[in-house]
Amino acid sequence: MVKIISRKKIGTQALYDIGVERDHNFILKNGTVASNCFNKSHSMAYGYVTYQTAYLKANYPVEYMAALLTANSGNRDKVQKYIATCMNMNIQVEPPDINRSEIDFTPVDGKIVFGLSAVLNLGQGAIECLLAARQEGAFESLADVCERLDLQAVNKRALEALIKCGAFDRIEPNRHQLMQDLELTIDWAQTRARDKASGQGNLFDLMGDAQMASTEDGFEAVPKGQPVEDYDPLTKLRQEKELLGFYVSDHPLKPIQQSARLLAPVSLNELSDRQENSLISAIVMVSGLKPILTKKGDRMAILNLEDLTGQAEGVVFPKSYERIHTCLQADARLIIWGKIDRRDDRTQIVIEDAEPIEQVKMVMVELNPQQAKSIEVQRHLLDILQAHTDKEQLAKVPVVGIVSAGQKRQFVRFGAQFRVIDSTRTVNALNFAQFPAREEPLARA
């Protein structure tokens, strides 16, 4: 039964309006025209889909997030956001795997494995060739891969990409060694393929030479490069990002994730929710840097910033650039202070100050629950902190209160107005006033 909100006439027809005057009109069985039964049915459909989605996320979180990542694989910002969501849900997202990855994101043993389609320099033909060969059984080594694949479809560039993004890590974790061996292994595999195609056997196999003949797996005779140490962790992460667009096996900011939330609770994916000109601090990594020379000859810079949740653009104007330019470098991990700016529908951060996280120190002050509740104690503590701030300078050292009650500890971040200039002097003053305090680095060596 149709509930009539208003009744009008269109020519000789009666119009029953259920919420919107125009559009979505249709004729009822009795010949009258009903307008917009769309809104209630549409909201019900959305509610039903929402319930289904919530059910899947609650009961099948790994499968749900894998599907969500696959559906948004073309949107880099969303993929990075959902990878961060997986981290918060304790779901591990692993790099591509030569033996486990499919074309898209795949749930495997409670984890999500990156799809092969995400790897730069690995085309559709190469993926199809790899997946077809894998049906015969799991790959056991780089030589096994090179022998079983068509090296015209999966060329050296594609294999280099698979090595550098971590796809061989379960076979051989030393990526640098695999890169050393690759060209020799490809030459060996191509020679072996030519010999088979011409009907020739391996000379040493025929002679039965125990030292030079292939063993059961057929790969003992594969030449090896000079032994080398693996790439350092930062190099491996940088290569992953070049080939996948993201840090996957780890992230340079991950070791300080908890501290980052405490000192700079604003994530880059939340910037659009902040009011223009609002002051923020954030812990970020510089993923790109573009120096600029103004018409007056002053130097400034545009930065590409990222954290565990997303990316943003930062601008450093000449006055700030002159003061902080030494710490503005690619791959630098920084704590930045600035304000939100919106131009041409873009949100960016106007960076006023920055400091490498390796240099960031925090003042930690211990309080018991009684002290934390006492107005008099609070005022005394804040007076001490304000004596060590300076309105003429941008104080950088954050102060964190630790309220301990039995086995429970609660961390309380003091406001930006209570950041101090000198951590050592502040700690000494707090200890003198019977407030147990200490310095702690943000990033431990």
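Given the structure is predicted, the values throughout are model-derived calculations rather than measurements.
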Describe, in one word, how the ring planes of F418 and F414 are oriented to each other, choosing from parallel (under 30°), tilted (30 to 60°) and perpendicular (over 60°).
-> perpendicular
Of K396, E439, H388, the residue whose pairing with S423 passes side chain to side chain donor-acceptor pair (under 3.5 Å) | E439
Do you know the tightest heavy-atom contact between R274 and I340?
-> CB-CG1, 3.9 Å
Side chain proximity check, V397 to T426, heavy atoms < 4.5 angstrom = no
Closest contact, heavy atoms only, E63 versus P107 | CG-CG, 4.0 Å
Aromatic ring centroids of F435 and H380 under 6.0 Å?
-> yes
Is the number of heavy atoms from other residues, nucleotides or ligands under 6.0 Å of E229 CD greater than 12?
-> no
Near D273 CG, under 6.0 Å, is it more than 12 heavy atoms from other residues, nucleotides or ligands?
-> yes
Heavy atoms from other residues, nucleotides or ligands near NZ of K81 exceed 12 (cutoff 6.0 Å) = no
Does a sphere of radius 6.0 Å around CZ in R157 hold more than 12 heavy atoms from other residues, nucleotides or ligands, not counting ones at 6.0 Å or beyond?
-> no
Just by modelled atom types, is the Y231 backbone N or O under 3.5 Å from a matching donor or acceptor in the T235 side chain?
-> no
Between I163 and E172, is any pair of side-chain heavy atoms under 4.5 Å apart?
-> no
